[in-house]
Amino acid sequence: SSAGKVIKCKAAVLWGLEQPFSIEEIEVAPPKAHEVRIKILATGICRTDNNATTGVMPAKFPVIVGHEAVGIVESIGEGVTSLKPGDKVIPLCVPQCGICSNCLKPDSNYCDMLDIVGKGVLSDGTSRFTCKGKPVYHYMNTSTFTEYTVVRDVAVAKIDAAAPPEKACLFGCAFTTGYGAAINTAKVTPGSTCAVFGLGGVGLSVIIGCKIAGASRIIGVDINPRKFEKAKAVGATECVNPKDHTKPISEVLKEMTGDSVRYTFEVTGNLDTMIDALASCHKNCGMSVVVGDPPASSVLTFDPMLVFDGRTWKGCIFGGWKPVNDLPKLVSDFMAKKFNLDELVTHILPFDKIEEGFNLLKKGESIRTVLTF
Ligand code: CND
Ligand code: ZN
């Protein structure tokens, strides 16, 4: 067996900002205490990974990004009790240690470990990856654009062994984030009107959540009209392109709905859209949820009347789920056909074609591209 030994394998390394993904042979060290080494089976491409290549989301270079995957536990480090080799798992960008003050709060999923996982190294301050004799850093605790990765045991969810990897990987980010934003964060009510800004993999998952919650009107908003067909296929009742209007989008939505948009979701990561989404929900009883990643160190200026009048402005990380507990249940619901992820996966490519997958994202041609190994 490979347990306890260094594994040589292929990985997509980013050597610096704005550099292409370079497929390299890397060395993956065995897991240390409370870590597991995972063989990746499938991994989706998310906007947040692209944000690492552009600097919108900070990363330490050289780095292996990727955070939406399904894999199989290859080996475990000392003290790991919750997982064993052979388990089918999802590496988690939001951990759940289960013992910090936030994990103990029933309504928080901001585990104390979360602030540590952003540092690009594991608990002992070092990386488990090397390439050409140099350390290569981790990303969001997951680093899934590689045949093998090492992660902390508190950041792994064990899922149904029968779950198909090229769909179930979406529970590592897009689906879980978007669906949870509607169900847990906004708590969308039956019969309500919702508007979703940004119709990528995360935005479409918000739509699925709004629909399951019983929303009667779901308006998709995107500047790329090629996204409308998919949005309607998953539950949008109509779609609007802000570029087709001279009026602010909040005015357009108000007219369309007789001023009754109850919930709005920002799922693009643009600062202007965050204000637009806030202004688009009902001024007194509306709620707007920020789901898109704001650019690092950005500052937003807004008219305080937007909230003074009564609107609620919220955010969420990873859809508000407590992932170690909740992901296995979400995957079971998926296996029981509670929701269908077919529309979200538009492209499946072999891992070597990662650069092509990112080009599809940048050109707005894909919803999710899933890479398989
Ligand atoms: P993706 O790029 O696939 O979709 C974004 C969509 O927004 C595209 O269809 C764009 O055309 C559209 N868009 C861009 N600008 C505008 C605009 N000004 N007005 C209307 N539409 C616009 O991205 P994704 O679905 O992979 O991710 C969406 C966001 O969610 C992104 O910011 C990502 O970083 C973030 C995210 C957050 C979390 C979390 O835990 N909160 C997890 N993963 C991703
Ligand atoms: Zn993501």
Query - Glu35 side-chain N/O to Ile76 backbone N/O, donor-acceptor pair under 3.5 Å - result: no
Query raised in the report: Is there a path from Trp313 to Val188 through hydrophobic residues (I, L, V, M, F, W, Y) whose side chains come within less than 4.5 Å of each other?
Result: no
**Report entry** Given Asp49, Asn141, Thr144, the one that forms side-chain hydrogen bond (donor to acceptor under 3.5 Å, both in side chains) with His67
**Finding:** Asp49
Requested in this report: Write down the atom of Ile64, the atom of Tyr139, and the distance for their closest heavy-atom approach.
Outcome: O-CB, 3.4 Å
Query raised in the report: Does CG belonging to Asp272 count more than 12 external heavy atoms closer than 6.0 Å?
Result: no
Query raised in the report: For the side chain of Ser127 and the backbone of Val136, is there at least one donor-acceptor N/O pair under 3.5 Å apart?
Result: yes
**Report entry** Ile348 and Thr372: CA distance, side-chain angles, deciding distance, side chain to side chain contact (heavy atoms under 4.5 Å, CB included) verdict
**Finding:** CA-CA 7 Å; Ile348 295 183; Thr372 55; 3.8 Å; yes
Report task. For the pair Asn224 (side chain) and Gly364 (backbone), establish whether a donor and an acceptor sit closer than 3.5 Å, ignoring hydrogens and angles. Result -> yes
Query raised in the report: So do the side chains of Leu83 and Val89 get within less than 4.5 Å of each other, counting heavy atoms only?
Result: yes
Query raised in the report: Would the number of heavy atoms belonging to other residues, nucleotides or ligands and lying under 6.0 Å from CD of Glu229 be above 12?
Result: no
Query raised in the report: So, Ser2 and Glu74: side-chain donor and acceptor under 3.5 Å apart, yes or no?
Result: yes
Report task. Indicate yes or no: at least one non-hydrogen side-chain atom of Val290 is less than 4.5 angstrom from one of Phe265. Result -> no
Query raised in the report: Is the backbone N or O of Phe171 less than 3.5 Å from a side-chain atom of Thr176, with the two atoms forming a donor-acceptor pair by type?
Result: yes
Report task. Determine whether more than 12 heavy atoms belonging to other residues, nucleotides or ligands lie under 6.0 Å from atom NZ of Lys211. Result -> no
Query raised in the report: Roughly how far, to the nearest 0.5 Å, is the CD atom of Glu255 from the NZ atom of Lys247?
Result: 3.0 Å
**Report entry** Crowding at NZ, Lys362 (>12 non-hydrogen neighbours, <6.0 Å)
**Finding:** yes
Report task. Give a yes or no answer on whether the side chain of Thr237 reaches the backbone of Ile218 with a donor-acceptor pair at less than 3.5 Å. Result -> yes
Query raised in the report: At what distance, to the nearest 0.5 angstrom, does CG of Leu199 lie from CD1 of Ile207?
Result: 5.0 Å
Requested in this report: State, to 0.1 Å, how close Phe351 and Lys10 come at their nearest heavy-atom pair, and which atoms those are.
Outcome: CE2-O, 4.1 Å
Query raised in the report: Hey, does the side chain of Thr268 reach the backbone of Gly198 with a donor-acceptor pair shorter than 3.5 angstrom?
Result: no
Requested in this report: Locate the shortest heavy-atom distance separating Trp321 from Gly180; write the atom from each residue and the value.
Outcome: NE1-CA, 3.3 Å
Query raised in the report: Going through the checks in order, is the side chain to side chain contact (heavy atoms under 4.5 Å, CB included) test met by Lys84 and Lys158?
Result: CA-CA 10 Å; Lys84 59 180 186 317; Lys158 184 178 165 180; 3.5 Å; yes
Report task. For atom CG of Leu17, decide whether the heavy atoms of other residues, nucleotides or ligands shown that lie under 6.0 angstrom number more than 12. Result -> yes
Query raised in the report: Got Arg368 and Leu170 here, is their nearest side-chain heavy-atom distance under 4.5 Å?
Result: yes
Report task. May I ask you to decide if Gly191's main-chain N or O and Ser216's side chain share a donor-acceptor pair within less than 3.5 Å? Result -> yes
**Report entry** Side chains of Val150 and Leu122 in contact at under 4.5 Å (non-hydrogen atoms)
**Finding:** yes
Report task. Verify whether one side chain among Glu24 and Trp15 offers a donor that lies under 3.5 Å from an acceptor in the other. Result -> yes
**Report entry** Any donor-acceptor N/O pair, Ser108 side chain to Lys105 backbone, under 3.5 Å
**Finding:** no
Query - Working for side-chain hydrogen bond (donor to acceptor under 3.5 Å, both in side chains), residues Asp309 and Asn284 - result: CA-CA 6 Å; Asp309 284 340; Asn284 183 239; over 6 Å; no
Query raised in the report: Do the side chain of Thr142 and the main chain of Gly66 share a donor and acceptor less than 3.5 angstrom apart?
Result: yes
Query - CA sep, side-chain torsions, deciding dist, call: Arg128, Thr126, side-chain hydrogen bond (donor to acceptor under 3.5 Å, both in side chains) - result: CA-CA 7 Å; Arg128 298 293 163 269; Thr126 65; 3.0 Å; yes
